[in-house]
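Data first, discussion second: the structure below is written as C-alpha cells.
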Amino acid sequence: MIYWNSLSDFLAMGGYGLYVWGSFGVTALIMVMEPILVLRHQKNTLARLKRQLRAESRNTAE
Amino acid sequence: MLEADNLECVRGERRLFAGLGFRLEAGELLYLQGRNGAGKTSLLRMLIGLLPPESGEIRWQGMPIKTAGEHFRADLCYLGHLNAIKEELTPLENLLAAARLAEEPLAEDDALDALEQVGLAGREDLACKHLSQGQKRRVALARLVKERRPLWILDEPFVALDIAAVDWLATLISGHLQRGGLAVMTTHQTVAIPAGTVRELRIGH
Amino acid sequence: MKDRFNLYRFASPATFYPLAGSLIPYFVAVSVVFGLAGLYLGMLVAPTDFQQGEGYRIIFIHVPASWMSMFIYLVMAFWAAIGLAFNTRLSGMMAQALAPTGALMAFLSLWTGALWGKPMWGAWWVWDARLTSELILLFLYIGYMALTAAIDDTRRADKAGGLLLLVGVVNVPIIYFSVKWWNTLHQGSSVNLTKSSMAETMLWGMLLMAMCFWMYSIAIALIRARTIMLERERHTDWARAVIAGAHE
Amino acid sequence: MLNIIGAVIARDLKLAMRRQADIVSAVFFFIIVVSLFPLGIGPEPELLRKLAPGVLWVAALLATMLSLPRLFADDHRDGTLEQLALAPHPLGLVVTGKVIAHWLVSGLPLALIAPVLGIQFDLSADALLVLTGAILLGTPALSGIGAIGAALTLGLRGGGVLLSLLVLPLYIPVLIFGAGAVDATVSGLGGEGHLSLLAAMTIAAVGFAPWASAAALKIALE
C-alpha cells in the first residue's frame, strides 16, 4: 500500500523536500499556534471578566 | 401628530432609557430634560430617524417614521448642536444652499430678510469663518425664520445666545406653534414660550 | 405555540454559547480524523505525479487552504448580509470570529502557492489571476479586521465591516477576471469532477484534507465566537452565570 | 432627482473653489511623483515608454486618494452631513452628487495634465490621446469606489491609512485596464477594448458605489 521505500526517500520528496516540507511545516505551525493563541485569549478573557464581575458585586454589596 | 411608544436606547454597553413614550399634538411643544448623558440627544436622533431605537416605535401622522421615510423627512426640520454651516461660504450662500439641498426653495429676498431678523444685516457677504461663535449660531437659526415644515426638532437652541436673541427665538417658536406646528427641544434653561401648550419630559432618574 | 421551532432562539447568544461549547470537541475530533486519513492517503499512499514529481504533494494543503480562504469569506459575507438585513447580534460576532482564520488560510494559500510555484514555474510569484485575487482577498481580510478594530462601538463595527464584506464579494470576481484578461499564465483548474486528471487516491486525499481544514475552521471560529460573545454580553444574566461558574 | 444632484455638485464645487489650494496640491503631487520616475529609472526612452502607463496611472491613483479622507469628513464635522441625510430625498443621490463633484475637482485636472506629463515619457500622440481618455474614463470609478472607503472610515482614528488599505486593493481593475489601454496603443493593438471596459466599470461604480456609501454614512451617523 505505502508508496515510499524508505524514510529518507519520504523526507527527500524526490528532490522537492524543501518546498513540500516548507509548506507542510508552516501549515502545521499555524494550525498548532492558532488554537493555542485562541484558547489562551479565551482563558485570559474569562479571567478578566470574572475579576470584573467580582469587583462589581463587591461594589454593589457595600 | 408625533407619537413615541416604549422607546429603548442602548449606547455602547449602557441602557440610557427604556419604556419611554409620549404623544405630541399640533401646536404643542415638548421640552426634553435630564442631566448630561441621560440620553436627550440620543432621543432627538431617534426622533429624526438617524438612530434606530433598540425597541419601540416612533410614528408621524400615524405612520412609523421608518416606513414614512422621505415623507416624514419632508415635514421635519432639525437643528443640531452643530451649526451645519460651511465656513467658506457667506451666511447668504449658506442659507440658500441649505434650502436648495432640503428641496425647499427660498427666495434671495426672503433669505436676506431672515438674516436681517437674526441681526446679521451687513454681514451677508462675509465668509462665515470670520464670524463669531454666536453669529454662526444665528446663521444656523436664520434657517428657522422662513421655515414652514410642521415638525421642528431643536437640540439646545438657546445655547450661546444673548438675552435679546433668546426672546426672539422664543417668539419665533411660539409663532410656529400658533401656526399648528410641533416642536421638540432639549434645553438646560427653561425659557418661557409665549404661546402654545408646553409639555415636559424628563429622561433618566 | 410556545414550543414551536424558533430559528431566532438558536441565533440568540444565550442558546448559542452552550450549544457551540458542546459541539467544539466533535469538530476537533472529526478534523483530526480527516486530517490523519488525508495525510495518510496523500503523503504515504498516493503515487507520484508523472508531470510534477513529488512536488505536487503541496496540493494537499494548497488547494484546501485556497478553498477555505474563499469559502470563509463567503460565509462571512453571508453573515454580514443576515446581520444587515435582520439586525441579529450573532452575525457580527460570527464574522469577526471567522476573519483571522480566513486571513491565515489566505496566507497559507499564498505561501504554499509560492513554494509550489518555485520548482514548477521557476518563480516564487507569478502575477496571474488566481494568485493576485488571493492576495487581494488577504488584503480584504486585513482591511476588515483593521476596520472593525478601529471602531469602538461594536454595533457600528459589525455593520461597517459587514458592508465592506459585501463590497468585497462584488469586487473579488471582478478583480479575478481583470487579472485573468490582463495576463493568463496559470494552469487550468486542477479539479474537474467529471473527468479528473488526478489519480483517485490523490483526489480522495485532497478532499479529506479539505474536510479537515473545514472542520478545523469551524472549531476555531466557534471558540473565538464564544469568547467574543462572552465579552460583549458580559452584562446579561446568562453571561454573568457563565462567567461566575467558570473555573480559572 | 437631477435637481438634488445638481445642487450638491454646485455647492461642493463652490466650496472647492474657495479652497483652491487643495486642488492645486493634488495636481502638484501628481506632477512631482510622475516626474520623479525618469530620475529614478534613467533616461532610456524605450524603457520610459514601457513604464509610462503604469507610472502615470499609479500616480493618478495616489493623487485621487489624497482628497478622499475629506470627502465626507468636513460635512461630518460641521453637521452638514446630518442635514443632508435628513433631506427629503435618498442619501444615495446626495452621494452621487458628491462623487461627481469629487471627480470634477480631483480626476478631471489629472486627465488634463496627464498628456503633458506623458511627453516626459516620450509617448506618441496616439498614446497620449488614449492616456487622457483612459484617465477621463477611469477616474470617476476611483471617486466612486473611494467614496465607499471614505464613508466606512468616517470619523475613525487613523482613518486615512485605513482608507488606503480598504480602497487601493479595489482599485486594481481600474489600474489594469487604464494602464492596459495605453499599453495596447503603444504596442499597436488598439486600446478600444480596454477603454470600453473602463467605461463599464465607471458606470457600475458611479451607479452602485453611492448607495453603498450612503449605507455606510447612515451607519456612521447612528
Side-chain angles (χ1 to χ4, degrees), chain A, chain C residues 28 31 35 39-41 43-49 52-62 64-65 97 100-101 104-105 107-108 111-120 201 209 212-213 216-217 219-221 223-224 226-228 230-231 234-235 239-240 242-248:
Chain A
M1 270 301 264
I2 289 181
Y3 165 79
W4 305 97
N5 295 320
S6 70
L7 184 64
S8 56
D9 268 6
F10 178 59
L11 291 179
M13 280 282 156
Y16 295 113
L18 178 67
Y19 304 108
V20 173
W21 296 120
S23 297
F24 279 79
V26 170
T27 308
L29 187 73
I30 283 180
M31 287 177 102
V32 168
M33 285 310 289
E34 195 190 6
I36 291 177
L37 289 176
V38 168
L39 286 172
R40 203 169 65 184
H41 179 236
Q42 185 188 37
K43 204 177 134 208
N44 291 344
T45 309
L46 207 54
R48 177 166 48 81
L49 291 178
K50 201 165 184 174
R51 274 199 305 278
Q52 281 176 7
L53 191 65
R54 202 174 288 153
E56 232 172 82
S57 56
R58 206 181 301 123
N59 282 343
T60 46
E62 273 164 15
Chain C
V28 172
S31 171
L39 284 176
Y40 170 75
L41 272 187
M43 299 303 282
L44 298 177
V45 177
T48 186
D49 186 85
Q52 314 201 3
E54 308 302 345
Y56 90 92
R57 286 178 204 274
I58 294 174
I59 202 176
F60 295 115
I61 44 179
H62 175 70
T101 304
L104 281 175
M105 289 295 166
F107 168 76
L108 273 182
W111 174 262
T112 54
L115 281 172
W116 196 4
K118 182 68 184 166
M120 297 306 146
T201 28
M209 288 306 283
C212 159
F213 275 47
Y216 165 87
S217 306
I220 204 105
I223 301 175
R224 216 180 261 122
R226 267 164 55 102
T227 313
I228 296 171
L230 214 52
E231 171 105 49
R234 61 181 176 273
H235 297 297
R240 279 168 194 268
V242 169
I243 295 166
H247 33 234
E248 280 161 38

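Convention: sequence-line order gives letters A, B, ...; per-chain numbering from 1. Please read all numbers here as calculations on a predicted model, not as lab measurements.
The shortest distance between side-chain heavy atoms of A:Ser23 and C:Phe60 does not fall below 4.5 Å. Between C:Ile220 and A:Met31 the shortest side-chain heavy-atom distance does not fall below 4.5 Å.
Contacts between C:Arg224 and chain A at a heavy-atom distance below 4.5 Å involve backbone atoms as well as side-chain atoms. Contact of A:Tyr19 with chain C is made through backbone and side chain together, with heavy-atom distances under 4.5 Å. Within the 4.5 angstrom heavy-atom criterion, only side-chain atoms of A:Leu53, from C-beta onward, approach chain C. At a 4.5 Å heavy-atom cutoff, the contact between A:Thr27 and chain C is made by backbone and side-chain atoms alike. Using a 4.5 Å cut-off between heavy atoms, C:Ile223 touches chain A through backbone and side chain atoms alike.
In plain terms, the two heavy atoms of C:Tyr216 and A:Glu34 that are nearest each other are OH-OE1, 2.5 Å. Nearest heavy-atom pair, C:Trp111 versus A:Gly22, reported as atom, atom and distance to 0.1 Å: NE1-O, 3.3 Å.
One distance of note links CD1 of C:Ile243 with CZ of A:Arg54; it measures 11.5 Å at 0.5 Å rounding. Taking CZ of C:Arg57 as the reference point, atom CZ of A:Phe24 lies at 8.5 Å (rounded to 0.5 Å).
The greatest number of non-hydrogen atom pairs below 4.5 Å with chain A, out of C:Ile58, C:Leu230, C:Thr112, is found for C:Ile58. Considering only heavy-atom pairs separated by less than 4.5 Å from chain A, the leading option among C:Val28, C:Thr201, C:Leu39, C:Leu104 is C:Leu104. When each of A:Leu49, A:Thr45, A:Ile30 is scored by its heavy-atom pairs under 4.5 Å with chain C, the top score falls to A:Leu49.
Taking the charged nitrogens against the carboxylate oxygens, A:Glu56 and C:Arg240 do have a contact shorter than 4.0 Å, which makes a salt bridge.
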